[in-house]
Each structure stands twice: as structure tokens, then as C-alpha cells.
Amino acid sequence: MFSSFSVLSVCRRGVTRLAAVTLASGLAAGGALVTAGPAVAGTAPAPAQGGATATIGGLKTYGTAVVRSPEGDLEISAGLFEMSVEGGGMLQTYCVDIYNPTQKDATYHETPWSGTSLGGNDDAGRIRWILQHSYPQVNDLASLARKAGIRGGLSEQDAAAGTQVAIWRYSDAVDVDAVDPEAEKLADYLHKSARDMAEPQASLTLDPPALSGHPGGLLGPVTVHTNAESVTVTAPADAATSGVWVVGEDGEEVTTARNGSRLYFQVPEDTADGSAEVTVQASTTVPVGRAFASETRSQTQILAGSSESTVTATASANWAEKGAIPALSAAENCAEGGVDITVANEGDEAFTFELMGTEYSIAPSETRTVTIPLQEDQAYDFTITGPGGYEERFTGVLDCRTQAGVASEAGESTQTLTRPSPATVGSTSADVNLAATGSSDATPAIAGTAIGLVVIGGAALILLRKRKS
């Protein structure tokens, strides 16, 4: 059982060194804006690939740590966050971006390591080892203290602080120590003992998340991957009127499934061109070590513990009688520094679209993944349309590096304002808003391109200052 949590929602509290306050307001815009094309029907955040969705509450169990740097020491809070899962359940997490604030009530999605700073971190597996071998996975604090060579015992606060400090040493490569001697001994033990472990599997995903084809048969399969004993399957909302159902390989309607189950969309031959979506849901514990990323610039979290929680995944199907029949999905790819757009075309004509000045043509029966390059912290908004009113929109913020890593590359130091209460940070990233029209011939039409930089007025919580010689 998880108890209620405190109102704190930043990774650090009570900063002892104050740099400066910057007030900024205004709008800086770059590039060109062309208004054309159809209205956008909806938004699908690219990182949401199935699993748990949760809202962060704040620090629950924590102690104090000190970050060492040439500019001085920075005192911060270190410990466990608690998150409430949409549909039911609670999660406990540690943060893996020491200098990036946590936005109050930010929404988080279970995310592959490849979509976060963990994807490019060779020590990510050691962080998972720490999570598996420390608090709260190890509730016997007396035993944990003996393993770490601690004579005086461990409190929950010391255990949480020591674990977070050990994680930061691998996630952010910073010089950080726990203030309490027992917590520091635990951090040293975990840091030195950590061994590499593989990334844990997702709690629930559907593969592929999008597919296409002709009416008159079964479209699929869509394979269920989950650690739950079973999942419930929800048919398309208009199944009774459209005649499009979700079935198994035998053609019989499916209402429940298991790990490895193969689902199909049954589309009658006389069905008009269109699309449908299937939703699967389960109650399970999310595997320790799964990453959680926010739709905004709130710091990335890594799972330390889970109650029985609701997890969800969706997959879509698009069908047409003739022409190009596209199916699109997206995922952030930190190794390549961009967003992977996966396009399948099961039609009898090429599907052509354009993004960021590059034209792509997907041949009939071809599936291809193209990477749209983006800058770190850059917001994106891609809309791709196709024949018969088909449209997919993908939005998000590319968050692939820790603030410590960004500052180190730029030869800068990070300075944080004193802020003991929860705080929300405004975005200062460049927004990319691209609308592109795909068609069944070789001539694409660009609906619109816009690149803008929005600086929201107010007191900045983080100020990057070039280091003076």
C-alpha cells in the first residue's frame, strides 16, 4: 500500500546558492507560416506507446544531498516521488535529471529508454540494478544496512536519499553526496556494487500500433505484449453499425487476450473507406526500471515501485478500396536525435508526403521508418494527411539529454533559484509545427510549415551561465 504524499514537486528544495533572477517576455519567431489544408482532428503524443499514464504528485520520502561543482556546493532534496495512475494505482519513482525541475501535476507516460536520456546512457542498466537492490524494492532496511556496512541502521529517508544519490551518479555523471552519513554509505555501496542489467519489458504494448489494408478480410495481426495475466479488448466504438470488429485468427470476436495473442480487424468487403481503433487494458504491476517521460519539459522519472495499476494500449487500422493506404505511428529516438515516423502502405499506389523540406515516397506493400531530426528540448507538431480524409498528428518535446549533460557540452554551469514550493516551468523550446499532405500520386502538397520560439514571461527557475575563466 502507498500512503499519501507531500506537496513538494521539484527534485531539489532549499537551494543554498542563489545565482540570479531572469525575467523574460515576448515572442521570437523564425521560418515561414503557410496556412492551408484541412483542420486537425486530434492530437496523438508520440511517446505514448502503451502502458501506464500517471500524474506526478511530489516527493514522498527524501533526505538531503549536496552537488559539488567549481562554482560552489548546491544543497538539494533527494528521494522518492509518488505518482497516481490514470484508471487506478500508484507508482514510486526516482528522478534521472538532477537539474531539471518537475512540473506540478505533469502527466507522464511509460516510455522506452530509447525515448529518454537513458537511451544514450551506457550506465542505464546499472541504474536498474540499483533500483532492484535498494529501497523500496528492499524493505528490510536492517539487511540493506548490513550489506552496505552501516552499523547505525537506516531510516526510510536515508535509504531513499542514498538510493537517489547513487542513481544521479550514473544518470547525470555529477559529483553528489548524501548529507546524512548513513545515506552516503548506502550511496557508495550501491554505486560501487551496481552491475549492468537489461531494460525491462513494457507493461503493455500492441505491435504494430498502426496498420492498413483493403476491406474484405482480416487486417493484422496486432500482437499483445504484456506482463499482465490477461487484458480486456474493446472493439471500435461504432462496430455495431460499421460491422468492423476485433477478432482472433479464427474470425471469432475477441473480448479478452493474453501475452502473445494476435488480434485482427475484420472489415467487411462492402465497408466504405475509413479507419478504426482497438483498445486493450489490464491491471498489473509496472516493471521496475521502466522510464516515465512527460508531455512537457518535466524531468524524466524511473520506476522504483508499483502497486496494481491500470495500463492501456491502442492500435489503429486504416483501409481503402484502392489508391495509397497509409498507416503511421511515431516514437522519439534519442540515439538519432529526432522522432521516428513509421509509415506502412498496403495500397496499390505510392504514398508521398513531405516533412521539413524532405519528400518521402512509400511504395505499395512497403513499410519504412524515417527519422525527423530535431534539436534538444524542441517541441514538435507533425500532421500528415492522406486519401479519404486520413490524418495523423504527433506532438511532443524532444527530451534526450539531462540538463547536466547539456551544460557540460556547452561549457556552462547550472544555477538554480531557491524555491521550496512546487513550481511550474514555462517552455523555452523551439516549436516545430508541420502539416503535410500525402497523396496517392507522386505530387505532394505541403499544408503548412511553422517554426517558432516562445519565451514565457516570469521568473526563470533555471539559468545557464557561461563559465568565466
Side-chain angles (χ1 to χ4, degrees), residues 1-3 47-55 80 82-93 107-115 125 128-129 131-133 135-139 197-211 218-237 239 245-266 276-293 301-317 329 331:
M1 297 292 292
F2 289 85
S3 60
Q49 299 177 22
T53 297
T55 301
L80 274 171
E82 193 160 277
M83 303 169 70
S84 56
V85 178
E86 184 178 299
M90 300 298 294
L91 307 176
Q92 290 178 310
T93 61
T107 299
Y108 282 78
H109 299 285
E110 185 180 341
T111 305
W113 285 1
S114 60
R128 187 188 176 194
W129 187 97
L131 294 167
Q132 295 280 19
H133 293 82
Y135 181 77
Q137 287 301 302
V138 178
N139 285 318
M197 293 186 69
E199 177 180 2
Q201 296 297 312
S203 61
L204 176 62
T205 59
L206 292 177
D207 182 34
L211 51 84
L218 300 181
L219 302 185
V222 175
T223 304
V224 178
H225 299 285
T226 183
N227 67 340
E229 290 187 3
S230 65
V231 301
T232 58
V233 180
T234 303
W245 295 94
V246 177
V247 300
E249 293 178 292
D250 57 0
E252 296 295 321
E253 182 185 356
V254 173
T255 57
T256 62
R258 296 179 179 275
N259 181 49
S261 294
R262 294 154 66 92
L263 309 178
Y264 297 81
F265 291 86
Q266 186 179 61
E277 188 175 80
V278 60
T279 300
V280 298
Q281 190 173 83
S283 180
T284 187
T285 55
V286 182
V288 170
R290 290 294 291 169
F292 278 79
Q301 304 282 312
I302 190 165
L303 188 70
S306 168
S307 70
E308 195 80 5
S309 298
T310 300
V311 294
T312 306
T314 60
S316 62
S329 59

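Excluded from the calculations below are hydrogen atoms, water molecules and symmetry mates; all remaining heavy atoms, backbone and side chain alike, are included.
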Treating S307 as the side-chain partner and M90 as the backbone partner, does any N or O pair qualify as donor plus acceptor under 3.5 Å? yes
Establish, from distance only, whether the side-chain atoms of H225 and T205 form a donor-acceptor pair under 3.5 Å. no
Within a 6.0 Å radius of atom CD on E86, are there more than 12 heavy atoms belonging to other residues, nucleotides or ligands? no
Indicate yes or no for a side-chain donor-acceptor contact from E110 to the backbone of A52 under 3.5 Å, with no hydrogens or angles considered. yes
For the residue pair P221 and L211, what are the closest heavy atoms and their distance? O-CD2, 4.2 Å
Quiz question: by atom type and distance under 3.5 Å, do the side chains of Q281 and T232 form a donor-acceptor pair? no
If you round to the nearest 0.5 Å, how far is OG of S316 from CG of L206? 10.5 Å
For side-chain contact (heavy atoms from CB on, under 4.5 Å), just list the numbers for Y264 and V222, CA-CA rounded to whole Å, side-chain angles, deciding distance to a tenth of an Å, and then say yes or no. CA-CA 6 Å; Y264 297 81; V222 175; over 6 Å; no
Student check: side-chain heavy atoms of T279 and T312 closer than 4.5 Å: yes
So, T223 and D207: side-chain donor and acceptor under 3.5 Å apart, yes or no? no
Quick one: does S203's side chain have a donor or acceptor within less than 3.5 Å of a partner on V286's backbone? no
Sub-4.5 Å side-chain heavy-atom contact between V85 and L91: yes
Taking only residues two or more places apart in sequence or in another chain, which ones pass side chain to side chain contact (heavy atoms under 4.5 Å, CB included) with Q201? none
Side chains of V280 and T234 in contact at under 4.5 Å (non-hydrogen atoms): no
Do side-chain atoms of N259 reach the backbone of N227 as a donor and acceptor pair under 3.5 angstrom? no
Contacts of Y108 that satisfy side-chain hydrogen bond (donor to acceptor under 3.5 Å, both in side chains) - sequence neighbours left out: S298
Determine whether F292 and L303 make a side-chain contact, defined as any pair of heavy atoms from C-beta on separated by less than 4.5 Å. yes
Reported CD-to-OG1 distance for the pair E82 and T55, which is rounded to 0.5 angstrom: 12.5 Å
Pair V247, E252 - check side-chain contact (heavy atoms from CB on, under 4.5 Å), show working. CA-CA 5 Å; V247 300; E252 296 295 321; 5.8 Å; no
Using modelled atom types and a 3.5 Å cut-off, is there a donor and acceptor pairing between side-chain atoms of R290 and backbone atoms of P200? yes
Would you check if T107 and T53 make a side-chain contact, meaning some heavy-atom pair closer than 4.5 Å? yes
Does the pair L204 and T284 meet the rule for a side-chain contact (heavy atoms from CB on, under 4.5 Å), with working shown? CA-CA 9 Å; L204 176 62; T284 187; over 6 Å; no
State whether the side chain of R128 and the backbone N or O of A198 hold a donor-acceptor pair below 3.5 Å, judged by distance alone. yes
If you round to the nearest 0.5 Å, how far is CZ of R262 from CD of E249? 5.0 Å
Verify side-chain contact (heavy atoms from CB on, under 4.5 Å) between T256 and V231, making sure each step is shown before the conclusion. CA-CA 6 Å; T256 62; V231 301; over 6 Å; no
Using atom types as modelled and distance alone, determine if a side-chain donor or acceptor of W245 lies under 3.5 Å from a backbone N or O of V254. no
Locate the shortest heavy-atom distance separating V138 from Q132; write the atom from each residue and the value. CG2-O, 4.1 Å
Spell out, as yes or no, whether a donor-acceptor pair under 3.5 Å connects the side chain of R258 to the backbone of E229. yes
Taking W113's backbone N and O only, do any of them form a donor-acceptor pair with E199's side chain (distance below 3.5 Å, no angle check)? yes
Residues A282 and S230: closest non-hydrogen pair is CB-O, 3.5 Å
